[in-house]
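Report on the following structure.
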Amino acid sequence: MTQAEDAVPPSVKSASNRDIARVFTDIATLLQARGDTIFKTRAYSRAADTIDNLQFELADAADDEDRLRAIPGFGDAIVSKVQELVRTGRLEFFEKLKAEMPAGILELTQVPGIGPKTAMRAAEGLGIHSREQLAASIESGQFEQLPRMGKKAAQNILRHLNTRMSQGERIAIGTALPEAERVMAALQAACPGIRNLTYAGSLRRHRETIGDVDMLCSADDPGAVMDAFSSLTAVRNIMAKGETKSMVVLDSGLQVDLRVVPDAAFAATLLYFTGSKEHGIRLRDRAINRGLSLNEYGATDTATGKTETFTSEEQIYQRLGLPYIPPELREDSGELAAAERGELPQLITLADVRGDLHSHTDWTDGRAYIEDMANAAKDAGFEYLAVTDHSKSATVANGLSVERLAEHNEAVRVLDNKLDGIHLLTGTEMDILIDGKMDYPDDALAELDIVLGSIHSYMDQDRATMTARIITAMQNENLDIIAHLTTRLIGKRAPVELDFDAICKAAVETGTVLEINASTQRLDLKDLHIRRAMDLGVIFSIGTDSHRMHQFVDARYGVGMARRGWCTPQRVINTLSHADFLRFVSTPKSGRYAFMDRYEHQS
DNA sequence: GCCGTTTTCGGCCCGACTGTTTTCAGTCG
């Protein structure tokens, strides 16, 4: 459990789950193109989905055959292929399959509207092996001659080719969520008869990136909703427009799908389109065992053929003998078993977060005065705010010298006395130096209410060195929180290499807190880290890392990650009241985990 | 290829939309 998400896959010996999942997805595509049975293809594609949601790295379990066999959908063939991939970094079966198929099948199927069958016919019949050849063939009018193809279908594919989504990019949730909210507001205004308008899909599950936005609503006149939706000013392309479902691409490149259903079907449809796909499949399996067929409209009794409808998702789960499972947990990663045992966590909510422990001002690289940031934090609903400007080694960020730090503290204290409705804490986001040492002397750190430590330099250290560096830093009594542990920037910078379990163990031993950084660029720790750290007993803070006044609302993204990591409010220090928080930081580090334990038992 | 308190063989989640077809294949989610 380390990094790897955005890193270029190395040639051998470290196939990440994502690498392995991609190979299986590709195998499924090629088998389907070749005409193999759909059930065989589905076995590979289900295995890929399962791997994507796995809570541990297959590379760490490749020698443990029992553990692999215990994974649903893993039989002889899948297990041995996983082992081969982990051990050698390649898969003979896959290489042979690719070699015997026409080139370009995998690239072509990335284009919306082109599936395995069409890709195969294009490659074999027309010698099309790339995106460029496909575009040229459509423009020449040749492509539409293919069986089951035509002028209109071909032109649609060409439009897809020219949109951002055809590149297979996913959009950060920090971009997708506000955009979805704008679309919903515009649609509601244009079509007042709409009820229950909401987003579903990976956005509702709060994944860190979103492929496209699924929306749904109920209304008496679906046609009017479809018209209003496709006429929104933000719409660039209409990809599909039916009686109850339309798909559009916005000017921003974001694809939005909207479905309209009757009120009676709304809950079932919401459940269905919130996913994840795997969670939905498990629910439908469960329904079948109870003599029900679960679909977008309700549950049909397989014996009588009568369809039962529901007014809420809660009711549907109840009908299946389960408590309500929040969307963030619906990843088929143990939530159904936990629900059955009555052991679902009471997830943290945005309302639980009472303070923000990470912010910057114009003293370093922030863009607003301390006072303005404090008022913005208050407006965002926080009771307290730690002002944590950068330390002296962060020269590009105009880091504070020891002298300026003292002035900074004074300025924060003066404002704290002056302002009503928000408490200010003195602090720093201090660089952890190359060898794990602090960037300020201990006596300067001891003056502060709160000290965050961050890696901002020498990010390419090897795993062992980086791990030791961070653990060394955690051993300092003054360092309260490790901020954005892996330093990744989503889609831009790979995470540092580190031994995450060792870091968590050290955090527990030293009484150090790990930050869940809510900045939309970071989301660091991410969901899988948080889930693992929860299991290892770690306590967290949630920080917005705000540099501008409007960024305090980003706390919701941190809460979303935390919820995906099964995190409870009792494990997050800034759910404490201001008074309790002061007690927390005045407790020696060795007593802080126990402090939160007591808090957990009280509430 | 996987899987089994109905099964070790015979099943495998469900439905909308599109564009092509005279009833449906392909794609998508």
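Order of the sequence lines fixes the chain letters, A, B, ..., with proteins taken first and strands second; residue numbering starts at 1 for each chain.
You'll find that the side chain of A:T244 is closest to B:dC17, out of B:dC12, B:dC17, B:dG15. Here the side chain of A:K117 is nearest to one of B:dG29, B:dC14, B:dT27, namely B:dT27. Checking B:dC13, B:dG26, B:dG15 against every side-chain atom of A:T118, the shortest atom distance belongs to B:dG26. With B:dC14, B:dC24, B:dG29 as the candidates, the nucleotide lying closest to the side chain of A:Q255 is B:dG29. For A:A153, counting side-chain heavy atoms from C-beta on, the closest listed nucleotide (B:dA16, B:dG19, B:dC13) is B:dG19. Considering only side-chain atoms of A:P116, the nucleotide from B:dA25, B:dT27, B:dA16 that sits closest is B:dT27.
Residue-to-nucleotide proximity on DNA chain B shows that, of A:G280 and A:K151, the 5′-proximal contact is made by A:G280. Across the interface with DNA chain B, nearest-nucleotide mapping of A:G113 and A:A240 shows A:A240 to be the residue nearer the 5′ end.
Summarising the base pairing, B:dT8 is matched to no nucleotide, lacking a Watson-Crick or G-U wobble pair whose two defining distances lie under 3.5 Å.
The pair A:E181-A:R556 meets the salt-bridge criterion, since a charged nitrogen lies less than 4.0 angstrom from a carboxylate oxygen. Between A:R69 and A:D76 there is a salt bridge, since at least one side-chain N of the basic residue sits less than 4.0 Å from a carboxylate O of the acidic one. The pair A:D332-A:K277 fails the salt-bridge criterion, with no side-chain N (NZ, NE, NH1 or NH2) lying under 4.0 Å from an Asp/Glu carboxylate O.
Of the P atoms belonging to B:dT5 and B:dC13, the separation is 15 Å, rounded to the nearest Å. The same atom, C1', is picked in B:dC14 and in B:dT8; the two are 27 Å apart, to the nearest Å. As rounded to the nearest Å, B:dC12 and B:dT7 have C1' atoms that lie 12 Å from one another. Taking the P atom of each, B:dG15 and B:dT20 are spaced 26 Å apart, rounded to whole Å. Look at the P atom in both B:dC17 and B:dT23: the space between them is 22 Å, to the nearest Å.
Distance CD (A:E278) to C1' (B:dC14): 14 Å, rounded to an integer number of Å. Rounding to whole angstrom units, CD of residue A:Q32 and P of B:dT27 are separated by 7 Å. Atoms CG (A:L271) and C1' (B:dC13) sit 13 Å apart, rounded to a whole Å. At whole-Å resolution of the value, CD1 in A:I38 and C1' in B:dG26 are 11 Å apart. Between the CD1 atom of A:I210 and the P atom of B:dG29 there is a distance of 14 Å, given to the nearest Å. Atoms CZ (A:F273) and P (B:dC13) sit 17 Å apart, rounded to a whole Å. Taking atom CG of A:D285 as the reference point, atom P of B:dT6 lies 14 Å away to the nearest angstrom. Rounded to whole Å, the distance from CZ on A:F143 to P on B:dT20 is 11 Å.
Here A:R286 lies out of heavy-atom contact (under 4.0 Å) with every strand. A:L283 comes within 4.0 angstrom of no nucleic acid atom, judged by non-hydrogen atoms across all strands. No engagement by A:S246 is indicated, since no non-hydrogen atom pair under 4.0 Å with the nucleic acid exists. Residue A:K277 is classed as having no contact, given no heavy-atom separation below 4.0 Å to the nucleic acid. Looking at heavy-atom distances under 4.0 Å, A:M149 makes contact with sugar-phosphate atoms alone, never a base.
Figure legend: A:R286 and A:Y317 shown without cation-pi pairing, the cationic atom not lying both under 6.0 angstrom from the six-membered ring centre and within 45 degrees of its axis. At least one test fails for A:K81 against the ring of A:F24: distance under 6.0 Å to the centre or angle within 45° of the axis.
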Can you check nucleotides 1-5 of chain B for protein contacts, nitrogen or oxygen pairs under 3.5 Å, and list what you find?
| from | atom 1 | to | atom 2 | distance (Å) |
| --- | --- | --- | --- | --- |
| B:dC2 | OP1 | A:G75 | N | 2.7 |
| B:dC2 | OP1 | A:G75 | O | 3.4 |
| B:dC2 | OP1 | A:I78 | N | 3.2 |
| B:dC3 | OP1 | A:G73 | N | 2.7 |

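Taking side-chain N and O atoms only, A:R148 has no distance below 4.0 Å to OP1 or OP2 of B:dT27. For A:K245, no side-chain nitrogen or oxygen approaches OP1 or OP2 of B:dA16 to under 4.0 Å. For B:dG26, the OP1/OP2 oxygens have a side-chain nitrogen or oxygen of A:R121 closer than 4.0 Å.
Counted within 6.0 Å of CD on A:E343, heavy atoms from surrounding residues, nucleotides or ligands total more than 12; the atom is thus considered enclosed. Taking a 6.0 Å sphere around CD of A:Q318, one finds it holds 12 or fewer heavy atoms contributed by other residues, nucleotides or ligands.
Under 3.5 Å, the side chain of A:Y272 and the base of B:dG29 form at least one donor-acceptor pair of N or O atoms.
Between the side chains of A:S252 and A:E179, at least one donor N or O sits under 3.5 Å from an acceptor N or O. Side chain to side chain, A:E331 and A:H279 fail the donor-acceptor criterion of an N or O pair below 3.5 Å.
Taking the syn range as angles within 90° of 0, the glycosidic angle of B:dT21 is outside it, so the base is anti.
Each of A:R207, A:R563, A:R205 was evaluated against A:E328; a single residue qualifies, A:R563, per the salt bridge (charged side-chain N to carboxylate O under 4.0 Å, His left out) test.
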